[in-house]
Protein chains: 2
Amino acid sequence: MVAIFLISLITSFIFLPYFIKLMTIINVDGQPIRSFCLQDHFITKKGTPTMGGIIILASVLCSILFYVALNIKVLLLLFIITSFAVIGFLDDYYKLTVKSYHGLSGKVKILIQFFVAAVSVLILKSYSESNFTHVYLLNGFTIDLSYLYIPFAAFIIVGAANAVNLTDGLDSLAATQSITSFASLGLSAYLVQADVNIILSCIAFIGAILSFLWFNAHPAKIFMGDVGSLSIGAALGFISILIKREILLAMIGGIFVMETLSVIIQFIYFRYTKGKRIFLMSPIHHHFEKKGWSETTIVIRFWVIAVVLSVLAIAFFL
Amino acid sequence: MVAIFLISLITSFIFLPYFIKLMTIINVDGQPIRSFCLQDHFITKKGTPTMGGIIILASVLCSILFYVALNIKVLLLLFIITSFAVIGFLDDYYKLTVKSYHGLSGKVKILIQFFVAAVSVLILKSYSESNFTHVYLLNGFTIDLSYLYIPFAAFIIVGAANAVNLTDGLDSLAATQSITSFASLGLSAYLVQADVNIILSCIAFIGAILSFLWFNAHPAKIFMGDVGSLSIGAALGFISILIKREILLAMIGGIFVMETLSVIIQFIYFRYTKGKRIFLMSPIHHHFEKKGWSETTIVIRFWVIAVVLSVLAIAFFL
């Protein structure tokens, strides 16, 4: 367990500085910040190299290949991670080269993601026992979704991927949140006596993201990019399916859910009222920025919330 | 376990805002910042209310009194916490009223602390088995210090108290470090099958400090003050003695040790070379500030180091 943690941590820590140099040479301007972003961010964050997720994933994949037994669950996890990383990479690459915020068309991206997720869940189902389609609610109470489980599970994966993607808008925010989520999921996996290889995979992610956090601390030297956030989120979603605690993830990753809901609510309310807003800005971390919270305050307070939610989730809903 | 966490967390979270208001009324200027401090700090941190440790400790004491069996170990822990809190409080109070950085005389403070610590360890010894004076090194290898164990253990307590006190120089630094240390010590206590009441005490501290961190995030609304840092450090030291893993604490709390060593090395080198310095400034977090790291970068990177050290300590030296 410590070996995979250290390998992942050290690989990521060694290669990130070179990667930062490389990305600085390749692209002088860095990731275009959403043009409706806070003025402050536009000045301070412009020019920061992105796609640090590539190193996170490379470290995770290496350490999983070396230390984890490649059974069907782990192979599907690797497939999910890689697919979402490719989708994210294309998006990042497109944004960098075309130098505009608009990457791949939103609908196309989501459709491809759903397809990849559904295929993985279908394959997993064919290798699993008959109670695979049961969703665990709490205290042993389950509900059988039957064939509806496939779209449900695909929704969990795609939802988690895009939730982490939306959350990745402040230095260290997505990194601290996902470290906490992987730790809580890993602990849950241990407590429900899931396959040890799943726990090892969580540990690999924690190691790599800890090193990334070193360079992503405010003011960030590098961002993870969609290649990082989409694949990290998809991994969280798929791991929650592997340990059959899909609903638990929504509580452990409550901040990710809140960020996503803030965008959806803002959008619907805006449409419905023809131009009014509930939040000063969405995703919700920008709302708090506009309310005067500093970037660091938001990251630390959201982390405190995540820890408390994880404790409650594991104590009451595991 | 969750009950004590929640009680401590919520008590602290409810009372801190009132306490901040109270302290703002009582004292307009806040804690005097060490006058040799960075110019930046002098401007941004002046006027921030202090002594937030009072609420941390009140929450911890309340939840321990309600949820923990008051055996001799816990009673001595409460005695240590309270004594060091009083010493810290007098210091904070003196600094606030006299409005200068110099509180109680350094030597007097340390002597009182040593006395309190040694008395507690002596009482604990009289209630413990004969192998109490054995110090655990690693992998079952121990060394019997016999009567030298009393000054050794007192040194651990006083050292830990003052190490946390020195570390408490940046927003969130002492809080994030001590949360990590209590979590690692609590986990160690669980793994060595120590008294469950010790684990509960660690959890109480984690809850209260998490809430404190909410208000201590940069830019801090409140500092913990000596009343907080001295008693938190003393608690860490005494808990490491209760679970008989004194050396382990030095690794788990490696950042605290590093901060303390930086001050000692700087002092000795300065004396020896008659005026030269090794670090740009000590404690070492100020050295990195002078090197251009932002306050947030230091806090996050030190936290990453603390997590890695804790993992290594528990994996290899428990």
Side-chain angles (χ1 to χ4, degrees), chain A residues 1-6 8-10 12-13 16 44 170-173 175-176 179-180 183 186-187 190 203 206-221 288 292-318, chain B residues 1-6 8-10 12-13 16 44 170-173 175-176 179-180 183 186-187 190 203 206-221 288 292-318:
Chain A
M1 291 224 177
V2 188
I4 194 170
F5 174 75
L6 288 180
S8 182
L9 178 93
I10 293 170
S12 184
F13 193 79
L16 271 167
T44 56
L170 295 179
D171 295 350
S172 313
L173 183 58
T176 48
I179 288 171
T180 313
L187 179 61
Y190 173 77
I203 294 176
I206 295 173
I209 304 176
L210 268 178
S211 281
F212 172 77
L213 181 58
W214 181 276
F215 300 100
N216 185 239
H218 181 73
K221 304 270 176 296
F288 288 113
W293 293 22
S294 80
E295 195 162 349
T296 305
T297 299
I298 298 171
V299 171
I300 288 198
R301 290 187 174 179
F302 278 23
W303 181 75
V304 170
I305 295 174
V307 171
V308 175
L309 284 177
S310 294
V311 170
L312 293 178
I314 294 175
F316 295 116
F317 298 103
L318 188 66
Chain B
M1 290 223 178
V2 188
I4 194 169
F5 173 75
L6 288 179
S8 181
L9 178 93
I10 293 170
S12 183
F13 193 79
L16 271 167
T44 56
L170 295 180
D171 294 349
S172 312
L173 183 58
T176 48
I179 288 172
T180 313
L187 179 61
Y190 173 77
I203 294 176
I206 295 173
I209 304 176
L210 269 178
S211 281
F212 172 76
L213 181 58
W214 181 275
F215 300 100
N216 185 239
H218 181 73
K221 303 270 177 296
F288 288 113
W293 292 22
S294 79
E295 195 162 349
T296 305
T297 299
I298 298 171
V299 171
I300 288 199
R301 291 187 174 179
F302 279 22
W303 180 74
V304 170
I305 295 174
V307 171
V308 174
L309 284 178
S310 294
V311 170
L312 293 177
I314 293 175
F316 295 117
F317 298 102
L318 188 66

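Everything quoted here is computed from the prediction, not taken from an experiment. Heavy atoms only: backbone and side chains are in, while hydrogens, waters and symmetry mates are out. So that the names make sense, note that chain A is the first sequence line, chain B the second, and so on, each numbered from 1.
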Worksheet item: Is it true that a side-chain atom of A:Ser12 and a backbone atom of A:Ser8 form a donor plus acceptor pair closer than 3.5 Å?
Response: no

Worksheet entry | Pairs of heavy atoms under 4.5 Å with chain A: top-ranked of B:Val307, B:Ile314, B:Val308, B:Thr176 | B:Val308

Fill in: Interchain contact, A:Thr297 with chain B, by part (heavy-atom threshold 4.5 Å)
both

Worksheet item: Relative to chain A, which segment of B:Ile206 carries a heavy atom at a distance below 4.5 Å: side chain, backbone, both, or neither?
Response: neither

Fill in: Flag, side chain of A:Asn216 to backbone of A:Asp171, donor-acceptor distance under 3.5 Å
no

Response to the item:
For A:Arg301 and B:Phe215, the nearest pair of non-hydrogen atoms, with its separation, is NH2-CA, 4.1 Å

Worksheet item: Do any N or O atoms from the side chain of B:Ser294 and from the backbone of A:His218 form a donor-acceptor pair under 3.5 angstrom?
Response: yes

Discussion item. Counting heavy-atom pairs under 4.5 Å with chain B, which one of A:Ala217, A:Pro219, A:Ala315 comes out on top?
Written reply: A:Ala217

Worksheet item: Is it the side chain or the backbone of B:Ile298 that comes within 4.5 Å of chain A heavy atoms, both, or neither?
Response: neither

Worksheet, complete the sentence: Residue from A:Ile179, A:Ile305, A:Ile300, A:Leu312 scoring the most non-hydrogen pairs under 4.5 Å with chain B is A:Ile300

Worksheet item: Between A:Phe302 and A:Phe288, what is the ring plane arrangement, given parallel below 30°, perpendicular above 60°, and tilted in between?
Response: perpendicular

